[in-house]
**Student:** 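My questions will all concern the structure given below.
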Amino acid sequence: MPWRVPPGSASLSAPIASGSGVSVTSGAPIPSGSGNAEPPIDALSELASGRVAEGREGLSTTELGYTPHELPTLKGSGHPTFKNPEQRVYEVWVSEIMLQQTTVATVTPYYTKWLIRFPTIKLLAEASLDDVLAHWQGLGYYRRARMLHEGARWVIQNGIPQTAKEWLAVPGVGRYTAGAIASIAQNEPAPLVDGNVERVVSRLTANQASAKSLTDAAWKWAESQLLPGHPAQASPGDWNQALMELGATVCKPVNLLCRACPVQPWCQAFAESRVADYPAPKPRAEKKSLHHSVVILTHDGKFAIRPVPEGRWWAGLYEFPREASLEGLNLMTEATLSQFGQFNHVVTNHEITVDLYHAEAATPTQDLIWVTEEELTQYALPAPSQKALTLWKKSRAQKTLWEQETSPD
DNA sequence: TATCCGTGGTC
DNA sequence: TGACCAAGGAT
Ligand code: SF4
């Protein structure tokens, strides 16, 4: 995510990180998080002299308080990324998919490793799905990885889309991602709306509509800002990022910073002193709880795993056998199960209580995949299986310690 | 169109 | 501590 601000390194009305000090790791430019500080942008005084005070021709990127801080440095680095438009497209594509519903801090290490393992679209297309999923392990929403993989194969077949509209045909790319790639990597004046933009628009226009209605309004507003002749068109990628960054760092869901907000003079919600009323709160889903039983089934130092069937949570990943009950596990194996732990795992609006069992199998049955702990790292395991493994190792270590302490000399 | 799909951080 | 959230897409 070379074009994104490292977390905490810049805020819109505070000193802006220049983006210097970009490090290069195996071909991937990564933000350092500690660029040189430039003088604060006095957004309000700029606005006071602003040509958009009447608000008719649209806001500009500068008026959102945004300075494009990464591109110059990366250009200066002479990195191949910026000599190769296709590579630029790929890196923006990967990061936009990873960042869906996921924070920059979480994504960053995955992004780095991803570009090392799958440096180009072609190499991603040629990789196996298992390999792809293994590099997504822990990021969640695994369908994204599968679609990105499919998308890479689509692009090898059909070529790189050249417009946001064309991007929509690529698996896993919806209208947000299409707009992001087209504007950031291909300089097309394509609008985009994500959760940040939707929230900002809701407040700027004092729109209390909920869900789809607000989304539609936000898209119309975003489109209107990028019409021909509007200042945002000069650098649509910067504009879009500025808008999202405004939402992420100033016009936040809670603890918003209206006093430092560069667009406060045009904010209808602020004018009404009702910023807390926008956007309308979403109805929250009911939380459900359920139980699962998981077995760490071992034989001769190997672990038994099996693929998660399609159509379920974690489809396509591999996990320790998991059933709805202990009875389910007993139907699966003849080995004697002994419980050694329990933990909770939250999946969206479900809280799963997982009972952990261990058993030593008499024989490695063919319906399961038997792997060493080393080989286990080659498989994508869902978080509950990862937790189970961690607890098993901890349990075994304590047992070993206990045996050592209590064994007679 | 409402629901499903994960996870880790924050307050 | 639990509720809420994060740069969505597919069905
Ligand atoms: S003034 Fe406050 S509510 Fe309005 S856009 Fe700025 S941060 Fe958001």
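First the proteins, then the strands, lettered A, B, ... as listed; each starts at 1. Atoms considered below: every heavy atom in the structure, side chains included; atoms not considered: hydrogens, waters and symmetry mates. On a predicted model such as this, the values are computed, not experimentally measured, just so you know.
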**Student:** Any idea which of C:dA6, B:dG6, B:dC11 is nearest the A:Asn196 side chain?
**Tutor:**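 From the listed options, C:dA6 comes nearest.
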**Student:** Just the rounded figure in Å: distance from C1' of B:dG6 to CD of A:Glu319.
**Tutor:**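 Between C1' of B:dG6 and CD of A:Glu319: 14 Å.
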**Student:** Could you tell me whether the phosphate oxygens of B:dG6, OP1 or OP2, come under 4.0 Å of any side-chain nitrogen or oxygen in A:His345?
**Tutor:**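 For B:dG6, OP1/OP2 do not have a side-chain N/O of A:His345 under 4.0 Å.
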**Student:** For A:Lys287 and C:dG2, is the shortest distance between a side-chain N/O and OP1 or OP2 below 4.0 Å?
**Tutor:**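 It does not, given that no N or O in the side chain of A:Lys287 lies less than 4.0 Å from OP1 or OP2 of C:dG2.
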**Student:** Starting from P on C:dA6, measure out to CZ on A:Arg144 and report it in whole angstrom.
**Tutor:**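 Checked: the CZ to P distance equals 15 Å.
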**Student:** Would you kindly give the CG-to-C1' distance between A:Asn255 and B:dT10, to the nearest whole Å?
**Tutor:**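 These atoms are roughly 10 Å apart.
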**Student:** Whole-Å distance between B:dT3 P and A:His350 NE2?
**Tutor:**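 Result: 12 Å.
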**Student:** Can you work out whether A:Ala211 or A:Gly138 has the more 5'-proximal nearest nucleotide on DNA chain B?
**Tutor:**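 Closer to the 5' end of DNA chain B: A:Ala211.
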**Student:** Would you say the base of B:dG8 and the side-chain of A:Thr103 have a donor-acceptor pair closer than 3.5 Å?
**Tutor:**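 Result: no qualifying N/O pair found.
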**Student:** If you assign each of A:Asn349 and A:Tyr110 to its closest nucleotide in DNA chain B, which residue comes earlier from the 5' end?
**Tutor:**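 The residue closer to the strand's 5' end, by nearest nucleotide, is A:Asn349.
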**Student:** Classify the side-chain pair A:Glu96/A:Gln100 by whether it contains a donor and acceptor separated by less than 3.5 Å.
**Tutor:**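 A:Glu96 vs A:Gln100: no donor-acceptor pair found between side chains.
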**Student:** Heavy atoms under 4.0 Å, any strand shown: does A:Thr106 hit a base, just sugar-phosphate, or nothing?
**Tutor:**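 Result for A:Thr106 = nothing.
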**Student:** OP1 or OP2 of C:dC4 less than 4.0 angstrom from a side-chain nitrogen or oxygen of A:Arg284, does that happen here?
**Tutor:**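 Affirmative; the distance criterion is met.
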**Student:** Taking CG from A:Asp216 and P from C:dG8, how many angstroms apart are they, rounded to a whole number?
**Tutor:**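 From A:Asp216 CG to C:dG8 P: 17 Å.
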**Student:** Between B:dT7, C:dG8, B:dC5, spot the one nearest the side chain of A:Trp313, thanks.
**Tutor:**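 Nearest listed nucleotide: B:dC5.
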**Student:** Taking any heavy-atom pair under 4.0 Å as a contact, classify A:Leu139: base, sugar-phosphate, or nothing.
**Tutor:**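 Base: the residue A:Leu139, judged by heavy atoms under 4.0 Å, touches a nucleobase.
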**Student:** I'd like the P distance from C:dT11 over to B:dG6, given in whole Å.
**Tutor:**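 To the nearest whole Å, 14 Å.
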**Student:** Go through B:dT7, B:dC11, C:dG9 for me and flag the one nearest to the A:Gln100 side chain.
**Tutor:**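 In terms of side-chain proximity for A:Gln100, the closest of B:dT7, B:dC11, C:dG9 is C:dG9.
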**Student:** Please classify the nucleic acid contact of A:Val197 as base, sugar-phosphate, or nothing, using heavy-atom distances under 4.0 Å.
**Tutor:**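 Contact class for A:Val197: none.
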**Student:** Among B:dT7, C:dG9, C:dA10, which nucleotide has an atom closest to any side-chain atom of A:Ala383?
**Tutor:**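 Per side-chain heavy atoms of A:Ala383, the pick is B:dT7.
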**Student:** Tell me which nucleotide among C:dG8, B:dT7, C:dT11 gets nearest to the side chain of A:Arg143.
**Tutor:**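 Nearest to the side chain of A:Arg143 among the choices is C:dT11.
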**Student:** Heavy atoms only, 4.0 Å cut-off, all strands: where does A:Met98 land among base, sugar-phosphate and nothing?
**Tutor:**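 Here A:Met98 touches no strand at all.
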**Student:** Any side-chain to backbone donor/acceptor pair from A:Glu188 onto A:Ser183? Under 3.5 Å, distance only.
**Tutor:**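 Looks like no, no N/O pair under 3.5 Å.
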**Student:** Give the rounded distance in Å between these two atoms: CG of A:Asn344 and P of B:dG6.
**Tutor:**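 Roughly 19 Å, once rounded to whole Å.
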**Student:** Between A:His135 and A:Tyr110, does the ring centroid distance fall short of 6.0 Å?
**Tutor:**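 Aromatic pair excluded; centres sit 6.0 Å or further apart.
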**Student:** Ion pair present between A:Lys220 and A:Asp216, side-chain N to carboxylate O less than 4.0 angstrom?
**Tutor:**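 Looking at A:Lys220 and A:Asp216, the cut-off is not met.
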**Student:** Side chains of A:Thr215 and A:Glu198: any donor to acceptor distance under 3.5 Å?
**Tutor:**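 The answer is yes; a qualifying pair exists.
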**Student:** C:dG8, B:dT7, C:dA6: which one has an atom nearest the side-chain heavy atoms of A:Tyr176?
**Tutor:**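 Out of C:dG8, B:dT7, C:dA6, the nucleotide with an atom closest to A:Tyr176's side chain is C:dG8.
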**Student:** For A:Leu129, is there any backbone N or O sitting under 3.5 Å from a side-chain donor or acceptor partner on A:Arg146?
**Tutor:**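 No, because the side chain of A:Arg146 does not come within donor-acceptor range (under 3.5 Å) of the backbone of A:Leu129.
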**Student:** For a quick test of reading the model: is some side-chain N or O of A:Arg199 closer than 4.0 Å to OP1 or OP2 of C:dA6?
**Tutor:**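 Yes.
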**Student:** Within the structure, does a side-chain N or O atom of A:Trp314 lie under 4.0 Å from either OP1 or OP2 of B:dT7?
**Tutor:**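 For B:dT7, OP1/OP2 do have a side-chain N/O of A:Trp314 under 4.0 Å.
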